[in-house]
Amino acid sequence: DVCSSDLFVSPDGRFLVAIWQRDGEHRTVSIVEAAPEGQSQPKVHHFRYDKPGDRIDERRPRLFDLDAGAEIPVDATLFPSPWDLSDFLWLPDSSEFLFRYNARGHRTMRVLAIAVPSGAVRTVLEDTSPTFIDWAHRSWLHWLPTEGRFLWSSERSGWHHLERVEIATGERLPITSGEWVVRGVDDVDEQARTLTLRLSGRDPAQSPYHVHHARVGFDGDGFTMLTEADGTHEITWAPDGATYVDSFSRVDLPPRHELRRSSDGAKVCDLETADDAELVAAHWQRPERFVAKGRDGITDIHGVILRPVGFDPARRYAVVENVYAGPQDSHAPVAWRTSYGSMSALAEMGFVVVQADGMGTANRGKAFHDRCHKNLGDAGFPDRIAWLRAAAATRPWMDLSRVGIYGGSAGGQNAMRALIAHPDVYSVAVADCGCHDNRMDKIWWNEQWMGWPIGPQYSASSNVDNAHLLQGKLLLMVGELDTNVDPSSTLQVVNALLKANKNFDFLMYPGEDHNAGRGGEYADYGERKRFDFFVRHLLGQNPPEWSGTDTAATKITK
């Protein structure tokens, strides 16, 4: 079938490209709502949910000569197994039709051109990777058809940067370069021929995760930093664009605000500077940034350490790690907050709480990111464990004989994995709505990192297939109506643990969707269960009884 939105007529009106589609499997997942509101009987829900390895929709361009009323054959050799075709464009002179081809498996990306009237296909640009091209988060294209060019982002240098590409020749000229990364393009000014972008890692004296802003010309000229202070930045433009407010902070530096001139990024004046002195005087503990070497003894691993109010350095504190090692981003806090939600709440229960980004997560170089390739079970554990041990070596109040871990979604997979692969370090885990087997989870996210076709790497990273290796105390949680991660992923773990005769705790939330233990109607209940699990198994204490009106916040005071 061809949809009308997928019809592209050439500027001269002579030719038409129609995007033909053969539908894939369109897998349906069914879930049961046991206690629907106002009903006495269960209710079944169905939704489309493609999974890794499924036959997907296949889209291909077909070329027609409208004057002749005939189809012109197009050779598909250069786009044999499309994950997607996108960014369709006719050149202004109607000589070629351009589009982007993302090959399934995400290791080849091409910009292709179909010539008329011949139907011949040529490669304008090709990027390949032995691991993956992060098409969903680090792939950007902006056409400049009147110039015969386009702007493109690529990691082919090992770092995510911008290029200018000549359509006629495929010549690629760098706009940005160096051992740092472009995080995103915020604005394209075609009249001024400039880009406003976010970046990180350009100043080696700062954290590679701090977001900065800059402007650069389409030709790579006039590169101008718009932010400079040691922190992570957000900018707010004045209505006339002549100035902007630069707001920045770190986990250990309260927000500061400066007025700056947009023409050259120069500071006009300081506006406001926040002060946390009164919080500190009230024994609030400022989060600590900590950096240590990862598994290779070379690469810096960055994270944060939270301590409870009334912290006593003479005590020994059990450690709880908040984990989310999803490769699409980096996750440890970088901006100042008075509270980091569940992390701060757990600290007030009497724990030292940590979070760090190991290899396999994003916003560093490609080699750092590639660690996740076909290997989500790794989850950066060797790096974060080295980081933990380095922190404890100079902080005797961190008791690494008592370490717990918790997370949701990909973090739920990671949390359980800790007790499978690293029980010598972690002894207690709470895993909420985990994608415990990547064959069970949504196709786009999992094939991006685990590859296609399906191979033994999926089993190697599966918490289901490796459940028999579990050691320690595990609490599994899931919402019965999870439409983000098929809840059967958690139930299959439960099944495998029962068959392996493993002890564990399990909680299903009726009527709740994804992250049920951290949001929705039962958020407080899930938080209390998590608190209790760590208090009981890491502190060796019986948690206080709850009243019917207790919330997670009032539980802390008990």
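Nothing fancy with the numbering, it's 1 onward along the sequence.
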Do any N or O atoms from the side chain of Glu348 and from the backbone of Val309 form a donor-acceptor pair under 3.5 angstrom?
yes
Met477 versus Glu512: any side-chain heavy-atom pair under 4.5 Å?
no
Within the 4.5 Å heavy-atom criterion, are Tyr324 and Ser409 side-chain neighbours or not?
yes
Show the numbers, then the answer: is there a side-chain hydrogen bond (donor to acceptor under 3.5 Å, both in side chains) between Asp441 and Tyr49?
CA-CA 9 Å; Asp441 195 19; Tyr49 194 91; 2.9 Å; yes
Does any non-hydrogen side-chain atom of Trp445 lie less than 4.5 Å from one of Pro327?
yes
Salt bridge between Arg256 and Asp270, side-chain N to carboxylate O under 4.0 Å?
no
Without swapping roles, check the side chain of Ser459 against the backbone of Pro456 for a donor-acceptor pair under 3.5 Å.
no
Which heavy-atom pair separates Tyr458 from Gly451 by the least distance, and what is that distance?
OH-O, 2.7 Å
Go through the steps for Glu33 and His45 under the test side-chain hydrogen bond (donor to acceptor under 3.5 Å, both in side chains), then give the verdict.
CA-CA 7 Å; Glu33 184 177 5; His45 300 266; 2.7 Å; yes
First locate atom CD1 of Ile56, then atom NE2 of His26, and finally report the distance between them rounded to the nearest 0.5 Å.
9.5 Å
Can you confirm whether Ile405 sits close enough to Phe381 that some side-chain heavy atom of one is under 4.5 Å from a side-chain heavy atom of the other?
yes
Using modelled atom types and a 3.5 Å cut-off, is there a donor and acceptor pairing between side-chain atoms of Arg307 and backbone atoms of Glu288?
no
Might you point out which heavy atoms bring Ser461 and Gly377 nearest each other, and give the distance in Å?
OG-N, 2.9 Å
Step through the shown structure and confirm whether more than 12 heavy atoms of other residues, nucleotides or ligands are within 6.0 Å of NZ on Lys293.
yes
Give the C-alpha distance, both sets of side-chain angles, the deciding distance and a yes or no for side-chain contact (heavy atoms from CB on, under 4.5 Å) between Tyr406 and Asp432.
CA-CA 8 Å; Tyr406 74 99; Asp432 183 17; over 6 Å; no
So, for Asn322 and Met343, which heavy atoms are closest and what is the spacing to 0.1 Å?
ND2-SD, 3.4 Å
Quick check on side chain to side chain contact (heavy atoms under 4.5 Å, CB included): which of Leu497, Val430, Asp505 does Leu474 satisfy it with?
Leu497
Around atom CG of Asp296, are there more than 12 heavy atoms from other residues, nucleotides or ligands closer than 6.0 Å?
yes
Are there more than 12 heavy atoms of other residues, nucleotides or ligands under 6.0 Å from atom CD of Gln39?
yes
Just so I know, are the side chains of Arg395 and Ile305 near enough to count as touching, which here means a heavy-atom distance under 4.5 Å?
yes
Considering non-hydrogen atoms only, spot the tightest contact between Cys433 and Asp482 and give its length.
CB-OD2, 3.5 Å
From Lys51, Arg55, Arg48, residue fulfilling side chain to side chain contact (heavy atoms under 4.5 Å, CB included) relative to Glu25:
Arg55
Partner of Tyr426 under side chain to side chain contact (heavy atoms under 4.5 Å, CB included), picked from Val319, Leu388, Val323, Ile420, is Leu388
Is His46 reaching over with its side chain to a backbone N or O of Val44, donor-acceptor style, under 3.5 angstrom?
no
Could you verify whether a donor N or O on one side chain and an acceptor N or O on the other, from Gln457 and Asn438, lie under 3.5 Å apart?
no
Donor-acceptor check, side chain of Arg289 to backbone of Val251, threshold 3.5 angstrom: yes or no?
no
Can you tell me if CG on Asn542 sees more than 12 non-hydrogen neighbours from other groups inside 6.0 Å?
no
Could you go through Val485 and Cys435, starting from their C-alpha distance and side-chain angles, then the distance that decides it, and tell me whether this counts as side-chain contact (heavy atoms from CB on, under 4.5 Å)?
CA-CA 6 Å; Val485 175; Cys435 42; 3.9 Å; yes
When you compare the side chain of Arg530 with that of Leu475, does any pair of heavy atoms fall below 4.5 Å?
no
Run the ring-ring contact (aromatic ring centres under 6.0 Å, His included) check on His106 and Trp444 step by step: do they pass?
CA-CA 10 Å; His106 310 301; Trp444 73 268; 9.3 Å; no
Please confirm whether the backbone N or O of Val352 pairs with a side-chain atom of Trp397, one donor and one acceptor, at under 3.5 Å?
no
Check whether any side-chain N or O of Asp276 sits under 3.5 Å from a backbone N or O of Leu279 as a donor-acceptor pair, and report yes or no.
no
The test is side-chain contact (heavy atoms from CB on, under 4.5 Å); show your working for Leu538 and Ser427 and say whether it passes.
CA-CA 8 Å; Leu538 288 178; Ser427 57; 3.9 Å; yes
ring-ring contact (aromatic ring centres under 6.0 Å, His included) with Phe311: of Tyr317, Trp284, Phe351, only one passes, and it is Tyr317
Is it possible for you to check whether Lys366 lies under 6.0 Å from the centre of the six-membered ring of Phe132, through NZ or CZ, and within 45° of that ring's axis?
yes
Could you pull out the closest heavy-atom pair between Asn363 and Ser330, with the gap in Å?
ND2-OG, 2.8 Å
Audit row: Asp370, Thr131, side-chain hydrogen bond (donor to acceptor under 3.5 Å, both in side chains) steps and yes/no:
CA-CA 7 Å; Asp370 278 348; Thr131 55; 2.9 Å; yes
May I ask you to test the Leu539-Phe534 pair for a side-chain heavy-atom distance under 4.5 Å?
no
Under 3.5 Å, is there a donor-acceptor pair linking the side chains of Thr227 and Asp246?
no
According to the interplanar angle, ranging from 0 to 90°, do the rings of His233 and His212 count as parallel (below 30°), tilted (30 to 60°) or perpendicular (above 60°)?
tilted
Student check: side-chain heavy atoms of Val182 and Arg198 closer than 4.5 Å:
no
Test your reading of the model: is there a side-chain donor-acceptor pair from Asp437 to the backbone of Ser462, 3.5 Å cut-off?
no
Start with the C-alpha distance between Leu476 and Val478, add both sets of side-chain angles, then the distance that settles side-chain contact (heavy atoms from CB on, under 4.5 Å), and finish with yes or no.
CA-CA 7 Å; Leu476 292 167; Val478 69; over 6 Å; no
Decide, yes or no, whether a salt bridge links Arg371 with Asp378 under the criterion of side-chain N to carboxylate O below 4.0 Å.
no
Within a 6.0 Å radius of atom CZ on Arg107, are there more than 12 heavy atoms belonging to other residues, nucleotides or ligands?
no
Do Asn495 side-chain atoms and Leu491 backbone N/O form a donor-acceptor pair below 3.5 Å?
no
Run the numbers on Thr196 and Asp186 for side-chain hydrogen bond (donor to acceptor under 3.5 Å, both in side chains), then give the verdict.
CA-CA 6 Å; Thr196 304; Asp186 292 329; over 6 Å; no
Do the side chains of Arg27 and Asp486 get close enough for a salt bridge, i.e. N-O under 4.0 angstrom?
no
Mind checking whether Trp83 and Trp135 have parallel, tilted or perpendicular rings, split at 30° and 60°?
tilted
Considering non-hydrogen atoms only, spot the tightest contact between Ser153 and Arg138 and give its length.
OG-O, 3.8 Å
Indicate yes or no for a side-chain donor-acceptor contact from Asp399 to the backbone of Arg316 under 3.5 Å, with no hydrogens or angles considered.
no
Testing Gln206, Arg364, Arg183, His210 for side chain to side chain donor-acceptor pair (under 3.5 Å) with Ser200, which one passes?
Arg183
